[in-house]
Amino acid sequence: MKQSVRVRYAPSPTGHPHVGNIRTALFNWLFARRYGGSFIVRIEDTDVARKVKGAVEAILSSLRWLRLDWDEGPEVGGKYGPYFQSQRLDLYRKAAERLISQGDAYYCYCSPQRLEEMRAEQVRRKQPPGYDRHCRNLSQEERAQKEAEGVIPVVRFQTPLEGQVKFTDLIWGEVVFDHSTIDDFVLLKSDGYPTYHLASVVDDHLMEISHVLRAEEWLSSTPRHLLLYQALGFEPPQFAHLPMLLGADRAKLSKRHGAVSIVEYYEQGYLPEAMVNFLALLGWSLDDKTEILSRQELIKNFSLERVSRTAAIFNRDKLAWMNGVYIRSLTTDEFFDAAQPYLMTDELAGEALISNEKYVRALLPLVQERARTLAEVAELTQFFFVGKLDYAPDLLIGKGMTRESATQALKAGQQRLRQPEAFDAESLEAILRPLAVELGLKTGQLFGTLRVAVTGRTAAPPLFQTMSVLGKERCLRRIEASLDRLRRLSK
RNA sequence: GGCGCAUUCGUCUAGCGGUUAGGACACCUCCCUCUCAAGGAGGAGAUCACCGGUUCGAAUCCGGUAUGCGCUACCA
């Protein structure tokens, strides 16, 4: 590496950052951390029309959530600032002017309508679309004429007509483009804002970016950028184009694929570490078997050589599985801390959290290995919080049982549970297991009936632990209620 | 239409001239077991897009075809 590593994540604040975007940020961050370089965030707010309020904050908070800390950029500053392109307009304008005076760029007065018609005609005649260089050789008089008419021009790059541009992408290898396939693209828009092409080249140079890691969709634009570097006399950075992220239908990831905004993953209760791990594996791999990698391991092992060239489909199932792995790896305290904000959004769970945190802390471990997301914890634990259970009475009658045997089992259980002082899981098991034998029931039948009586569900955490957490009072009350239900069922 | 790139189980991927083509998710079976999870053991699933070459030998190298994706904006 010729110099120190400086990479940037340069999002455009046009909405919530989606997972593909964040994956790009992650790879940049990993690359910077791996080589002890700097990770820079630069906001590319050059499209006034598409700018969305709150987008910058959404981007930054997503980075914070995933703990992708930046060394320079919004909030933290840095000596290459400002880090908002809208505050650097002068720089781009000067660069554009320099290109014009050098003869590498020119003013174009074509109206949007003319351009549109031109394109329609090109498409109709099945010709490659592109600017027809109408204004490339305007005379002094013609220009003055347009200016007098009050037409505000754009600045276009004067692409060499012949030759080719060649470069080596760190991921794709050598790539070649003929100049003839590149039209005279716009550098400066009529509103005075630069296009991405100009702005990113100027800024990457000024900010001394060493490597540009960006999505593959930019690969075809790279020749234009190289042409600009050359015309401006800047040394270009190294390029590495990351494979795209696709939806299940193999189309470019977009809104209609659902849950593409990284914010939604936070809301659904994915752990940042799981998200980082999963995203890192989209287009990168360590070897033929390692799937679970900590942040430190990711940093230690990340390399561009192991980035793949094929687009990847975002596989939600696998993310959910991985999130479960990370949830299970949490300590009980960590799990409580992580789940708390999600429980607070649930009415009953939230109340319990406030009035009886100890109870919540006791019940949470029972669902920790059953939850795949934090958001589903409230649902999994709901029966711990409700006053009155609601379920179909016939659930109480297990396989091979009758209403009578269920009633008998419930009554006997009620009987026994009144006795003990100790209501811990072990004591409960010591009491209830023999009871099944006495009643001539399989443990599955007795426990199943009790489970429904006490939780209202057929699928729940282990019975004795659950009962122990619920407490004697609540258990007896619920069993009583279940007997009521069975009685009503008979009528 | 032009240019560029890609193509290994449904999905994420390993592989970089010699492998029974490996792993993971999802799916199925069995075990564990009070249910659900988790865990364990298995199974099914890929003629490596296709066609030709090079080679003793090709998923790996070369050419063509097909398909897909990206770019082709005063969007990034």
Side-chain angles (χ1 to χ4, degrees), chain A residues 10-14 44-47 49-50 108 110 112 115-116 119 122-123 125-131 152-156 169 172-173 175-178 180-183 185-191 193-197 199-200 214-224 241 243-244 246 248 250-252 278 281-292 306 308-322 324-325 328 366-372 380 398 429 432-433 436 442-452 455 457-464:
Chain A
S12 163
T14 53
E44 311 226 319
D45 52 352
T46 56
D47 188 344
R50 292 206 307 152
C108 166
C110 292
L115 294 175
E116 209 171 298
R119 252 186 304 270
Q122 284 165 337
V123 170
R125 293 165 59 180
K126 294 201 185 265
Q127 285 183 343
Y131 182 58
I152 301 170
V154 300
V155 175
R156 285 184 184 273
D169 185 280
W172 305 75
V175 186
V176 186
F177 285 85
D178 277 344
S180 61
T181 65
I182 307 169
D183 74 347
F185 54 98
V186 174
L187 260 21
L188 218 52
K189 302 181 251 184
S190 56
D191 64 3
Y193 279 73
T195 59
Y196 172 85
H197 307 300
S200 70
R214 65 197 349 172
E216 185 202 331
E217 54 193 308
W218 292 109
L219 189 63
S220 316
S221 302
T222 307
R224 300 165 175 217
H241 289 88
M244 307 253 307
L246 272 25
R250 290 216 156 269
K252 195 171 167 179
F278 181 73
L281 257 21
L282 250 30
W284 177 86
S285 63
L286 173 63
D287 55 30
D288 59 344
K289 40 183 67 79
T290 315
E291 300 270 338
I292 304 295
R306 296 202 59 86
S308 109
R309 269 178 310 275
T310 65
I313 292 175
F314 193 86
N315 183 190
R316 230 92 83 60
D317 276 345
K318 190 157 182 174
L319 205 213
W321 162 76
M322 193 172 279
V325 171
R328 273 173 253 129
L366 300 189
V367 296
Q368 183 170 355
E369 73 170 27
R370 291 168 177 76
R372 302 194 95 173
L380 287 171
E429 181 161 13
L432 295 174
R433 215 170 261 288
K442 287 196 188 125
T443 49
Q445 295 176 310
L446 203 222
F447 299 165
T449 297
L450 284 171
R451 169 175 299 107
V452 173
T455 68
R457 306 180 176 195
T458 52
L463 184 63
F464 313 123

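As a basis for the values below, the full set of heavy atoms in this structure was taken, side chains included, without hydrogen atoms, waters or symmetry mates.
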Measuring only the [atom1] atom in each nucleotide, how far is [N] from [M]? A whole number of Å is fine.
N: B:A41; M: B:U47; atom1: C1'; result: 30 Å
N: B:G18; M: B:A58; atom1: C1'; result: 10 Å
N: B:C71; M: B:U19; atom1: C1'; result: 39 Å
N: B:U55; M: B:U13; atom1: C1'; result: 29 Å
N: B:U29; M: B:A21; atom1: C1'; result: 25 Å
N: B:C16; M: B:U7; atom1: P; result: 16 Å
N: B:G23; M: B:A14; atom1: P; result: 15 Å
N: B:A24; M: B:C5; atom1: P; result: 35 Å

Per-nucleotide protein contact along nucleotides 39-44 of chain B, 5' to 3', at a 4.0 Å heavy-atom cut-off (B base, S sugar-phosphate only, - neither), is S-----

Within the 4.0 Å limit for protein heavy atoms, which parts of nucleotides 68-76 of chain B are touched? Write it as a string from 5' to 3', B for base, S for sugar-phosphate only, - for none. -SBSSSBBB

Looking at every strand, decide which applies to [X] at a 4.0 Å heavy-atom threshold: base, sugar-phosphate, or nothing.
X: A:Ile313; value: sugar-phosphate
X: A:Ala312; value: sugar-phosphate
X: A:Lys318; value: base
X: A:Thr458; value: base
X: A:Gly283; value: sugar-phosphate
X: A:Phe464; value: base
X: A:Val123; value: nothing

[X] versus [Y]: any side-chain heavy-atom pair under 4.5 Å?
X: A:Leu188; Y: A:Tyr193; value: no
X: A:Asp183; Y: A:Arg224; value: yes
X: A:Val452; Y: A:Arg457; value: no

Interatomic distance, [X] [atom1] vs [N] [atom2] [rounded to whole Å]:
X: A:Glu291; N: B:C25; atom1: CD; atom2: P; value: 7 Å
X: A:Arg125; N: B:G2; atom1: CZ; atom2: C1'; value: 15 Å
X: A:Lys126; N: B:G2; atom1: NZ; atom2: P; value: 10 Å
X: A:Asp287; N: B:C16; atom1: CG; atom2: C1'; value: 15 Å
X: A:Phe314; N: B:A24; atom1: CZ; atom2: P; value: 21 Å
X: A:Lys442; N: B:U35; atom1: NZ; atom2: C1'; value: 14 Å
X: A:Leu282; N: B:A24; atom1: CG; atom2: P; value: 18 Å
X: A:Leu286; N: B:U13; atom1: CG; atom2: P; value: 14 Å

Is [X] reaching over with its side chain to a backbone N or O of [Y], donor-acceptor style, under 3.5 angstrom?
X: A:Thr195; Y: A:Val186; result: yes
X: A:Arg306; Y: A:Leu286; result: yes
X: A:Thr181; Y: A:Phe177; result: no

Strictly below 4.0 Å, N to O, side chains only: are A:Arg309 and A:Asp169 in salt-bridge contact? no

Of A:Ser285 and A:Lys289, the one whose closest RNA chain B nucleotide lies more 5':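 By nearest-heavy-atom nucleotide position, the 5'-most residue is A:Ser285.
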
Contacts of A:Leu319 and A:Thr443 projected onto RNA chain B by closest heavy atom; the upstream (5') one is A:Leu319

Do A:Gln127 and B:G2 have a side chain to base donor-acceptor pair shorter than 3.5 Å?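 No, no donor-acceptor pair under 3.5 Å.
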
Taking the six-membered ring of A:Phe185 as reference, does the cationic atom of A:Arg156 (NZ for Lys, CZ for Arg) lie under 6.0 Å from its centre and within 45° of its axis? no

A:Phe464 and A:Phe447 aromatic ring geometry - parallel, tilted or perpendicular at 30°/60° bounds: perpendicular

Is there a Watson-Crick or G-U wobble partner for [N] with both distances under 3.5 Å, and if so, which one is it?
N: B:C27; answer: B:G43
N: B:C32; answer: none
N: B:G63; answer: B:C51
N: B:G1; answer: B:U72

Evaluation steps, ring pair (Phe, Tyr, Trp, His ring centres under 6.0 Å), between A:Phe314 and A:Phe278: CA-CA 10 Å; A:Phe314 193 86; A:Phe278 181 73; 5.3 Å; yes

Looking only at side-chain N and O atoms, does A:Arg457 come under 4.0 Å of OP1 or OP2 in B:C36? no

For A:Asp287, check side chain to side chain contact (heavy atoms under 4.5 Å, CB included) against everything at least two apart and list the hits.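 If we apply the side chain to side chain contact (heavy atoms under 4.5 Å, CB included) test to A:Asp287, skipping adjacent residues, the hits are A:Lys289, A:Thr290.
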
Would you mind telling me which of B:G15, B:C34, B:A26 lies closest to the side-chain atoms of A:Arg372? B:A26

Determine whether the side chains of A:Ser221 and A:Arg214 contain a donor N or O and an acceptor N or O closer than 3.5 Å. no

